There are 2 protein chains.
Amino acid sequence: MTPQRRAIIQVLLESAGSHPTAEQIFTRVRDVMPDISHATVYNTLHELVEMGTLLELNLGMREQRYDINTTDHAHLICLGCGRVEDVPYDSEALTLSPEHTHGFQVVDCRVIFRGYCPACASQERHLRSSG
Amino acid sequence: MTPQRRAIIQVLLESAGSHPTAEQIFTRVRDVMPDISHATVYNTLHELVEMGTLLELNLGMREQRYDINTTDHAHLICLGCGRVEDVPYDSEALTLSPEHTHGFQVVDCRVIFRGYCPACASQERHLRSSG
DNA sequence: TCTTATTTTAGATTAATCCTTAATTTATAT
DNA sequence: ATATAAATTAAGGATTAATCTAAAATAAGA
Ligand SMILES: [Mn+2]
Ligand SMILES: [Mn+2]
Ligand SMILES: [Zn+2]
Ligand SMILES: [Zn+2]
C-alpha cells in the first residue's frame with residue numbers, strides 16, 4: 001500500500017456514483033499528487049478490478065468507466081452525453097437457464113439501459129424539427 | 001447502393017451469429033474486394049447501425065462487435081477468448097420502473113452474461129493449479 | 001449526356017490503453 | 001539499523017481501434 005494507491009482509492013471513494021473514466025481519475029489524483037503517472041493509475045485500477053473491489057464498466061462510450069459500488073445494480077446511460085445513473089434490478093429475474101449456458105462458467109451479468117437524458121432528448125427534438 | 005456496400009452486407013449475412021469485429025469484417029470483405037478501404041467499411045457499418053438493421057455491441061473486449069440479428073436477445077461472452085453466444089431473454093422481465101428512469105427516454109436494454117467458455121475455464125484451472 | 005450529390009480511398013490523425021525499463025520505494029531478514 | 005529482496009512507480013514510447021481529411025471516383029437524376 002503506497003501513497004499513490006491511497007490517493008487513487010480516496011478519489012474513487014469521493015467520486016462514488018459518478019462513474020468516472022480512467023482519465024478523470026488520473027486528473028483528480030494529480031490534483032493532490034502532481035507527479036503521479038498514467039501507468040500507476042491504470043495499474044492500480046486494474047488491480048482493484050482484479051481484487052473485485054472495483055467494477056470496470058464498458059457502457060459503449062469509448063472509455064471505460066469505473067464504479068466503486070460493487071453491489072448488484074444496473075446502469076442507465078445517455079447515448080447523447082454519456083451521463084450514467086445507477087438503477088436497481090432484480091438479479092433473480094436474470095438467470096441463464098442451464099440449457100443456454102453453452103457450457104460456460106457464468107461469472108456475472110451486466111444490464112445496461114440506454115436512452116437519452118432530459119437535456120439530450122430535448123436537444124434531439126430541436127435538431128429534428130429544425131433539420 | 002454500391003458494390004462495396006453489397007459486399008459488406010453479404011459478409012454480414014454470411015457471418016450471422018459470429019459477432020465479428022469491424023476488422024474481421026474488413027478482412028473478409030477484402031477477400032472478394034481487395035482494394036476496399038478501412039473507412040468504407042466503418043462508414044457502411046455505421047450507416048447500417050443508424051438504419052437499425054445492424055447492432056453494434058460493446059461486450060467489453062476492446063473492439064466493437066457487429067450483429068445482423070436484431071431480434072431481442074442477450075449475449076454470453078467468454079472473458080478469456082471473447083467467444084460470443086446468443087442467449088434468449090425475457091425483455092418483459094427487464095423494464096425500468098418509471099421512478100427509476102431519471103427522466104430518460106429509454107431506447108433499449110442490453111444484457112451481457114459474462115464468464116468462461118469450456119476451453120478457457122479448463123485452461124484457467126490448469127494455470128491456477130500449476131501457479 | 002451532363003450535372004450534381006454521394007461514396008470511396010489512402011493516409012494522416014486521434015485517443016485510450018498498454019508496455020518497457022530503469023529508478024525508487026516498500027517489505028523482510030539479519 | 002542495515003542489507004537484501006521484492007514490489008511499485010514514472011516517463012515516455014508503442015499499440016491500435018476508430019476517426020478524419022480532402023481529393024478522386026462513382027452513382028443518381030435531369
Ligand atoms: Mn454504478
Ligand atoms: Mn447476437
Ligand atoms: Zn444526455
Ligand atoms: Zn473462452
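Throughout, a chain's letter reflects where its sequence line sits, starting with A, and its residues are numbered from 1. Predicted model only: the values in this text are computed from it and were never measured.
- Within the structure, every pair that satisfies the ring-ring contact (aromatic ring centres under 6.0 Å, His included) test and touches residues 40-69 of chain B, not counting sequence neighbours, is listed here: B/His38-B/Tyr42.
- A/Tyr116 belongs to a hydrophobic cluster with A/Leu79, B/Val107, counting contacts under 4.5 Å between side-chain heavy atoms of Ile, Leu, Val, Met, Phe, Trp and Tyr, direct or through other members.
- One side chain, B/Asp86 or B/His19, offers a donor N or O that lies under 3.5 Å from an acceptor on the other.
- For B/Asp90, the side chain to side chain contact (heavy atoms under 4.5 Å, CB included) partners are B/Glu92, B/Ala93, not counting sequence neighbours.
- Remark: B/Pro98 engages no residue in a side chain to side chain contact (heavy atoms under 4.5 Å, CB included) (not counting sequence neighbours).
- In the 5' to 3' direction, nucleotides of DNA chain D lying under 4.0 Å from heavy atoms of chain B begin and end at D/dA17 to D/dA28.
- Looking at residues 50-66 of chain B, you'll see B/Glu63, B/Gln64 sit with a heavy atom under 4.0 Å from some atom of DNA chain D.
- Phosphate contact (OP1/OP2 of C/dT17, side-chain N/O of A/Tyr42, threshold under 4.0 Å): present.
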So A/Phe104 and B/Arg83, side chain to side chain contact (heavy atoms under 4.5 Å, CB included) or not? Walk me through it. CA-CA 10 Å; A/Phe104 279 48; B/Arg83 175 180 158 193; 3.7 Å; yes
Show, in sequence, the C-alpha distance, side-chain angles and deciding distance for B/Arg110 and B/Leu55, and conclude whether the side chain to side chain contact (heavy atoms under 4.5 Å, CB included) test is met. CA-CA 11 Å; B/Arg110 297 275 173 96; B/Leu55 295 182; 4.2 Å; yes
Please produce a list of atom pairs where a protein N or O lies less than 3.5 Å from an N or O of nucleotides 2-11 of chain C.
residue : atom : partner : partner atom : Å
C/dT7   : OP1  : B/Arg5  : NH1          : 3.0
C/dT7   : OP1  : B/Arg5  : NH2          : 3.4
C/dT7   : O5'  : B/Arg5  : NH2          : 3.3
C/dT8   : OP1  : B/Thr2  : OG1          : 2.3
C/dT8   : OP2  : B/Arg5  : NE           : 3.4
C/dT8   : OP2  : B/Arg5  : NH2          : 3.4
C/dT8   : O3'  : B/Gln4  : NE2          : 3.2
C/dT9   : OP1  : B/Gln4  : NE2          : 3.3
C/dT9   : OP1  : B/Asp35 : O            : 3.4
C/dT9   : OP2  : B/Ser37 : N            : 3.1
C/dT9   : OP2  : B/Thr40 : OG1          : 2.6

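- In DNA chain C, consecutive stretches of 3 or more Watson-Crick or G-U wobble pairs with both distances under 3.5 Å are given as paired ranges: C:1-30 with D:1-30.
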Which pairs would a plain distance check flag for residues 24-32 of chain A, meaning a side-chain donor or acceptor within less than 3.5 Å of a matching protein atom at least two apart in sequence or in another chain?
residue : atom : partner : partner atom : Å
A/Gln24 : OE1  : A/Thr21 : N            : 2.8
A/Thr27 : OG1  : A/Glu23 : O            : 2.9

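- Using a 4.0 Å cut-off, some side-chain N or O of A/His46 falls inside it from OP1 or OP2 of C/dC18.
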task: Run the numbers on B/Thr44 and B/Gln4 for side chain to side chain contact (heavy atoms under 4.5 Å, CB included), then give the verdict.
output: CA-CA 9 Å; B/Thr44 304; B/Gln4 287 85 351; 5.9 Å; no
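- For the atom pair B/Ile8 CD1 and B/Thr2 OG1, the distance stands at 7.0 Å (nearest 0.5 Å).
- Note on residues 46-66 of chain A: pairs passing salt bridge (charged side-chain N to carboxylate O under 4.0 Å, His left out), not counting sequence neighbours, are A/Arg5-A/Glu47.
- Evaluation of the side chain to side chain contact (heavy atoms under 4.5 Å, CB included) rule for A/Thr95 yields no partner, not counting sequence neighbours.
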- Query: Hey, mind stepping through B/Leu48 and B/Leu12 against side chain to side chain contact (heavy atoms under 4.5 Å, CB included) and telling me if it holds?
  - Reply: CA-CA 11 Å; B/Leu48 293 171; B/Leu12 288 172; 3.6 Å; yes
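- Contact detail for A/Ile68 and A/Thr53: the closest heavy-atom pair is CD1-O, 3.6 Å.
- For residues 76-84 of chain B, proximity to DNA chain C is found at no residue, defined as any non-hydrogen atom under 4.0 angstrom from a strand atom.
- Residues B/Ala22 and B/Arg6 both approach DNA chain D. Their nearest nucleotides, taken by heavy-atom distance, put B/Ala22 toward the 5′ side.
- Considering only heavy atoms from C-beta on, B/Asn58 comes within 4.5 Å of B/Gln64 through its side chain.
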